[in-house]
Amino acid sequence: MSLDVDQEILEDFLVEAGEILELLSEQLVELEQRPEDRDLLNAIFRGFHTVKGGAGFLQLDAMVDCCHKAENLFDLLRNGELSVSANLMDVVLQALDSVNLMFEQVRSGQEPEPAPADLMQRLVVITEGGAEADEPEAATAPAPAPEPVAESSKPNPNTPNDEFDQLLGDLVSDNKETLASSEAGQRADDDLITEDEFDALLDELHGAGKGPGALDHPEKSAQVSSDEITDDEFEALLDDLQSKGQGAFAALGSADTAAKPEATKLESVAPPAKVAPTEPPKAVEPPVVSKSPTAEPSARGTMPAQQKAVQESNVRVDTALLDKIMNMVGELVLVRNRLVRLGGTREDEEMSKALGTLDMVTADLQTSVMKTRMQPVKKVFGRFPRLIRDLSRSLKKEIRLELRGEDTDLDKNLVEALADPLIHLVRNSVDHGIEAPDVREKNGKPREGSVLLSAEQEGDHILLIIRDDGAGMDPEKLRRLAVERGMLDTESAARLTDQECFNLIFHAGFSTKTEISDVSGRGVGMDVVKTKITQLNGTLAIDSILGQGTQIAIQVPLTLAIMPTLMVTLESQAFALPLVNVNEIYNIDLTKTNIVDGQQVIIVRDQALPLFHLKRWMVKGCEHEPLPDQGHVVIVSVGTTRVGFVVDQLVGQEEVVIKPLGSILHGTQGLSGATITGDGRIALIIDIPNLLKRYAS
């Protein structure tokens with residue numbers, strides 16, 4: 001059944017609740033490590049409470065019910081009636097999974113399905129079991145005696161506005177010495193101010209029968225002291241007090257007014273007034289005022305406006321609009337490139353200055369627009385504490401996860417695309433790499449294994465590292481498995497270097513596991529990782545030391561929209577080679593090549609590299625073009641494979657904006673897109689991995 005709700009409100013809910021649910025996953029895993037952290041307990045409670053409130057507003061009853069039961073459980077944890085345990089956290093994490101599932105259903109426009117009945121029952125049993133011992137006593141015992149102010153902010157599970165009360169309690173604690181010296185201060189924990197106390201307040205401020213409105217409406221002056229004050233009169237009273245600097249929090253707002261007897265008296269009666277149900281919003285304003293002790297009381301009305309301005313400094317923008325802006329900036333970059341090239345052919349000083357300014361401003365604009373699409377890699381890393389926690393329990397291993405560089409920014413599309421490959425790699429590190437605690441102990445290692453996940457920016461690329469201190473990989477075992485599975489013959493396997501042996505794990509169907517589990521062992525995953533990273537114009541390198549651990553390094557560009565390339569020409573046609581794949585360039589004598597296994601090769605630093613005449617693949621009619629005697633050779637790499645491409649001419653390095661191929665050319669092997677060069681020509685961008693797969697395999 002589809003949802004029938006206001007779309008604008010739904011969008012706001014999806015944004016806010018999505019962020020909260022992501023954070024809850026991390027906080028719950030942290031809580032298991034720090035069960036006594038009350039701030040963390042309160043934060044988790046507020047998270048479930050906020051999601052429940054938003055879901056209730058949209059009448060998403062299934063989500064409300066699940067969040068409510070989780071909220072009740074954390075209320076007991078906050079009050080010390082329950083303690084954190086692994087089994088309890090299993091249930092809570094299952095509840096979070098159910099809420100996440102409902103959230104995805106709401107995101108897709110469907111009515112959320114209720115959480116499993118057994119899960120809801122377990123939440124109820126835990127909650128009722130934890131409060132069972134206190135319920136009979138609570139039914140007969142008198143109201144508890146007032147506690148010190150510092151403890152009075154302890155949330156009450158039966159109070160719907162417990163967070164609001166806690167905030168007010170914090171305000172009162174700042175002036176607890178003054179409160180203790182007055183009768184009204186002793187009533188700080190009472191729920192409401194009495195009529196007599198309120199009348200006494202008016203008389204103390206203005207004299208008997210001389211409160212605000214008494215002169216204008218003498219017929220009502222007697223009513224003030226005998227009947228309930230009306231809303232309008234209460235508003236008038238507050239406005240009048242604040243305009244004279246005599247509000248309940250005037251002593252907090254100004255050092256001058258604090259010295260007045262009236263201000264001291266008002267301070268003592270502030271706590272009863274703070275809980276008046278008619279004006280709860282005004283009670284949350286004093287924290288803002290108290291941060292500026294030199295501010296005048298009359299500035300009271302301006303502070304919330306400033307706070308609101310800060311809150312509204314961030315604007316939510318549709319990613320489609322960002323993509324459109326990025327596309328237009330890309331067009332501007334192309335025009336900039338062309339103008340710079342045209343200006344370089346003319347000796348006009350003024351034109352050169354103008355083009356220099358345009359070049360600088362366009363580069364800054366391009367950088368700024370790229371940053372609007374950036375997200376911290378924490379968006380991906382945030383899901384790994386939960387993943388490690390679940391894997392540790394299912395595999396009965398002790399594992400510590402270390403995260404570094406979570407604030408590193410990269411393109412939003414890359415953040416989403418990297419999630420699955422990183423999950424595969426981390427799961428493999430835990431399952432294949434980290435040994436069982438007993439095995440580690442026998443080998444002289446600590447029982448707890450370590451997995452490091454780090455990110456850092458290197459120039460225009462991001463370097464991601466996944467490292468474990470596990471058993472490492474045995475090159476000899478990998479060679480033997482490759483022969484047993486028919487991937488290589490014995491002689492070829494023997495010629496493999498250790499590095500090439502490690503790369504065997506990225507072949508489809510290759511697995512070092514002898515038993516298939518729900519974690520790994522099916523021979524899929526690592527080949528998918530390599531394919532995905534290659535599609536992102538990234539590179540992947542693996543290194544391992546037997547008995548010490550394994551490290552996998554992934555390098556991906558900061559953004560997929562703009563790519564640094566090496567421009568070359570083949571028969572006057574421009575082509576762009578992604579710079580991430582280019583290692584070096586040679587101008588060599590092509591008459592001194594060799595033939596190995598039927599393949600033409602060149603020797604570079606005592607290593608034989610396959611040599612291909614790129615024109616034969618990319619230009620029609622040149623399929624049998626002979627090699628020139630002298631030529632430019634571009635050495636490119638894909639993973640650990642290195643080859644040489646012969647090109648007609650080198651143009652130079654250029655940043656290009658990637659344009660997708662039209663529907664007719666879409667899917668052409670060896671081409672990933674097109675761009676416009678600085679001289680206005682169309683250049684095709686070569687997809688080197690697919691090109692080699694198509695022609696060189």
Side-chain angles (χ1 to χ4, degrees), residues 319 322-323 326 330 366-367 369-384 403-429 451-467 502-503 505-506 525-543 550-566 576-583 636-642 653 655-658 660 672-673 675 685-693:
T319 53
L322 291 179
D323 291 339
M326 190 69 186
Q366 176 183 339
T367 302
V369 173
M370 283 176 59
K371 286 182 179 178
T372 64
R373 292 166 50 96
M374 294 294 186
Q375 284 188 333
V377 77
K378 188 178 189 299
K379 290 280 185 181
V380 180
F381 283 10
R383 65 187 69 186
F384 288 105
L403 300 176
R404 295 181 192 167
E406 294 177 272
D407 295 331
T408 305
D409 290 332
L410 67 160
D411 193 287
K412 178 180 183 296
N413 295 334
L414 274 171
V415 170
E416 297 168 354
L418 283 171
D420 286 343
L422 289 178
I423 286 174
H424 277 299
L425 293 174
V426 171
R427 287 168 67 94
N428 271 12
S429 291
V451 174
L452 168 69
L453 193 57
S454 73
E456 62 179 312
Q457 183 174 342
E458 289 188 343
D460 59 353
H461 287 77
I462 295 292
L463 178 65
L464 298 164
I465 291 178
I466 300 95
R467 181 189 305 150
F502 299 148
N503 282 283
I505 67 172
F506 294 112
M526 297 302 279
D527 60 315
V528 176
V529 168
K530 184 177 181 181
T531 301
K532 190 66 176 179
I533 297 300
T534 302
Q535 289 173 351
L536 297 175
N537 295 321
T539 59
L540 193 148
I542 186 169
D543 194 16
T550 302
Q551 173 177 299
I552 297 176
I554 300 173
Q555 196 178 49
V556 292
L558 276 174
T559 177
L560 299 178
I562 296 177
M563 177 190 296
T565 64
L566 174 67
L577 296 171
L579 207 59
V580 66
N581 298 115
V582 176
N583 288 105
V636 299
S637 62
V638 178
T640 56
T641 303
R642 299 177 72 212
Q653 182 178 340
E655 278 195 349
V656 301
V657 179
I658 304 172
S672 59
T675 188
I685 301 172
I686 295 178
D687 182 354
I688 294 177
N690 280 329
L691 186 74
L692 293 176
K693 185 177 180 181

Visitor: What's the spacing between Ile423 CD1 and Asn428 CG if we round to 0.5 Å?
Guide: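 One finds 12.5 Å between CD1 of Ile423 and CG of Asn428.
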
Visitor: side-chain contact (heavy atoms from CB on, under 4.5 Å) with Leu453: which of Ile466, Leu425, Val377, Ile465?
Guide: Ile466

Visitor: Check Leu577, Val636, Ile686 against Leu691 for a side-chain contact (heavy atoms from CB on, under 4.5 Å) and give me the one that passes.
Guide: Ile686

Visitor: Can you check whether Leu418 reaches Leu410 side chain to side chain, under 4.5 Å on heavy atoms?
Guide: yes

Visitor: Within the structure provided, determine whether Thr408 and Phe381 are in side-chain contact (heavy-atom separation under 4.5 Å).
Guide: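 Result no, sub-4.5 Å side-chain heavy-atom pair not found.
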
Visitor: What pair of heavy atoms forms the shortest contact from Ile688 to Pro578, and how long is it?
Guide: CD1-CD, 4.2 Å

Visitor: May I ask you to test the Phe502-Thr550 pair for a side-chain heavy-atom distance under 4.5 Å?
Guide: no

Visitor: Give, for atom CD of Glu406 and atom NZ of Lys378, the distance between the pair rounded to the nearest 0.5 Å.
Guide: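 Going from CD on Glu406 over to NZ on Lys378, the span is 5.5 Å.
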
Visitor: Determine whether Ile533 and Gln555 make a side-chain contact, defined as any pair of heavy atoms from C-beta on separated by less than 4.5 Å.
Guide: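 Ile533 does not reach Gln555 side chain to side chain.
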
Visitor: For Pro564 and Gln653, which heavy atoms make the closest approach, and how far apart are they?
Guide: CB-NE2, 4.4 Å

Visitor: Mind checking salt bridge (charged side-chain N to carboxylate O under 4.0 Å, His left out) for Lys532 and listing every partner two or more places apart, or none if nothing turns up?
Guide: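 Lys532: no salt bridge (charged side-chain N to carboxylate O under 4.0 Å, His left out) contacts found.
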
Visitor: Please give me the minimum heavy-atom distance between Ala417 and Leu536, naming the atom from each residue.
Guide: CB-CD2, 3.8 Å

Visitor: Nearest 0.5 Å please: distance from the CD atom of Gln375 over to the CG atom of Asn413.
Guide: 9.0 Å

Visitor: Less than 4.5 Å apart, any side-chain heavy atom of Phe506 and any of Thr531?
Guide: no

Visitor: Name all residues meeting the salt bridge (charged side-chain N to carboxylate O under 4.0 Å, His left out) criterion together with Glu416; count only those two or more places apart in sequence or in a different chain, and write none if there are none.
Guide: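 Salt bridge (charged side-chain N to carboxylate O under 4.0 Å, His left out) list for Glu416, sorted by chain: Lys412.
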
Visitor: Among Thr534, Ile552, Leu464, find the residue that satisfies the side-chain contact (heavy atoms from CB on, under 4.5 Å) test when tested with Leu540.
Guide: Ile552

Visitor: Could you list the residues that satisfy salt bridge (charged side-chain N to carboxylate O under 4.0 Å, His left out) with Arg383, not counting sequence neighbours?
Guide: none

Visitor: State, to 0.1 Å, how close Ala553 and Leu463 come at their nearest heavy-atom pair, and which atoms those are.
Guide: CB-CD1, 4.1 Å

Visitor: What distance do Ser637 atom OG and Asn581 atom CG have between them, rounded to the nearest 0.5 Å?
Guide: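 Spacing of OG (Ser637) from CG (Asn581) equals 6.0 Å.
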
Visitor: Heavy atoms only: give me the nearest Ala419-Val380 pair and the separation to one decimal.
Guide: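 That would be CA-CG1, 4.0 Å.
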
Visitor: For the atom pair NZ (Lys530) and CG (Asn503), what is the distance rounded to the nearest 0.5 Å?
Guide: 6.0 Å

Visitor: Could you give the distance from CD1 (Ile554) to CD1 (Ile462), rounded to the nearest 0.5 Å?
Guide: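 Between atom CD1 of Ile554 and atom CD1 of Ile462 there are 12.5 Å.
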
